[in-house]
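Computed from a predicted structure; not experimentally measured.
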Amino acid sequence: GQQVMQIPQYQHVQEGEDFTTYCNSSTTLSNIQWYKQRPGGHPVFLIQLVKSGEVKKQKRLTFQFGEAKKNSSLHITATQTTDVGTYFCAGGSGGYNKLIFGAGTRLAVHP
Amino acid sequence: GAVVSQHPSRVICKSGTSVKIECRSLDFQATTMFWYRQFPKQSLMLMATSNEGSKATYEQGVEKDKFLINHASLTLSTLTVTSAHPEDSSFYICSARDGTSGRSEQFFGPGTRLTVL
């Protein structure tokens with residue numbers, strides 16, 4: 001079946017350093033979505049990428065969708081303690097827009 | 001907008017009993033709802049996709065007779081864990097998609113922590 005792999009599993013950085021998480025799908029995706037889950041909370045939608053090679057920015061966050069629509073990345077510039085949480089990519093394909101989630105990358109930011 | 005509630009937030013039950021979890025979209029019509037299971041510090045595992053007025057579509061390996069899903073209205077889906085056992089203890093989380101928006105992002109409920117003794 002379809003698999004979505006995400007690395008790294010865990011990363012801790014000093015406040016102000018950059019952070020990147022990578023996502024790879026075993027199949028071509030119709031879209032990829034990114035979610036953030038704070039400790040003890042539930043996933044919150046960040047963004048959706050649909051087009052091949054698409055790049056979107058949200059303040060310090062940059063999201064990319066690969067040309068083949070099988071990989072994606074999230075880059076955070078100059079991390080802050082408020083960035084702490086687990087970032088999930090989720091690949092969309094098939095009917096009903098179901099999502100297959102990656103394993104998530106847990107980000108810890110040390111002040 | 002786009003708020004999803006889930007009830008109860010936490011439940012402890014004895015082995016062999018059944019537990020019902022409700023998922024409600026509060027301010028939009030959810031034509032599709034999804035049920036996930038999440039183990040500590042792990043990813044969300046999709047259990048089933050629920051469409052209003054039709055049978056749920058279960059993912060491979062998920063027992064439909066054990067995890068009963070009902071999507072009776074455009075704002076409510078329920079998951080019933082039947083004859084629960086300790087291995088069913090987990091964090092169950094639902095999400096909903098706004099069918100009228102044309103967008104595919106999912107809005108998640110706060111989750112239900114199930115502990116089976």
Name the region of [X], side chain, backbone, both or neither, that has any atom closer than 4.5 Å to a heavy atom of chain A.
{"X": "B/Gln6", "value": "neither"}
{"X": "B/Gln42", "value": "backbone"}
{"X": "B/Ile93", "value": "side chain"}

Residue among A/Gly41, A/Gly104, A/Pro43 with most heavy-atom pairs under 4.5 Å to chain B: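 Going by pairs under 4.5 Å, I would pick A/Pro43.
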Do B/Thr31 and B/Asn51 have side chains that get closer than 4.5 Å, going by heavy atoms?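 Not touching, per the 4.5 Å side-chain cut-off.
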Given that the side chain runs from C-beta out, which part of A/Tyr35 has a heavy atom under 4.5 Å from chain B: side chain, backbone, both or neither?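 Just its side chain gets close to chain B.
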Considering only heavy atoms, which portion of A/Leu99 lies under 4.5 Å from any heavy atom of chain B: side chain, backbone, both, or neither?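 Both parts, backbone and side chain.
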Going by atom types alone, do A/Glu67 and A/Ser52 pair a side-chain donor with an acceptor below 3.5 Å?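 Yes - a donor-acceptor pair under 3.5 Å links their side chains.
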Side chains of B/Gln38 and A/Gln37: do they bring a donor and an acceptor to under 3.5 Å?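 Distance-only check passes for B/Gln38 and A/Gln37.
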Measure the acute angle between the ring planes of B/Phe67 and B/Tyr92, then classify it against the limits of 30° and 60° as parallel, tilted or perpendicular.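 Judged by the thresholds at 30° and 60°, the geometry between B/Phe67 and B/Tyr92 is tilted.
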Can you classify the ring geometry of A/His110 versus A/His12 as parallel (below 30°), tilted (30 to 60°) or perpendicular (above 60°)?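 Perpendicular, since the angle between the ring planes exceeds 60°.
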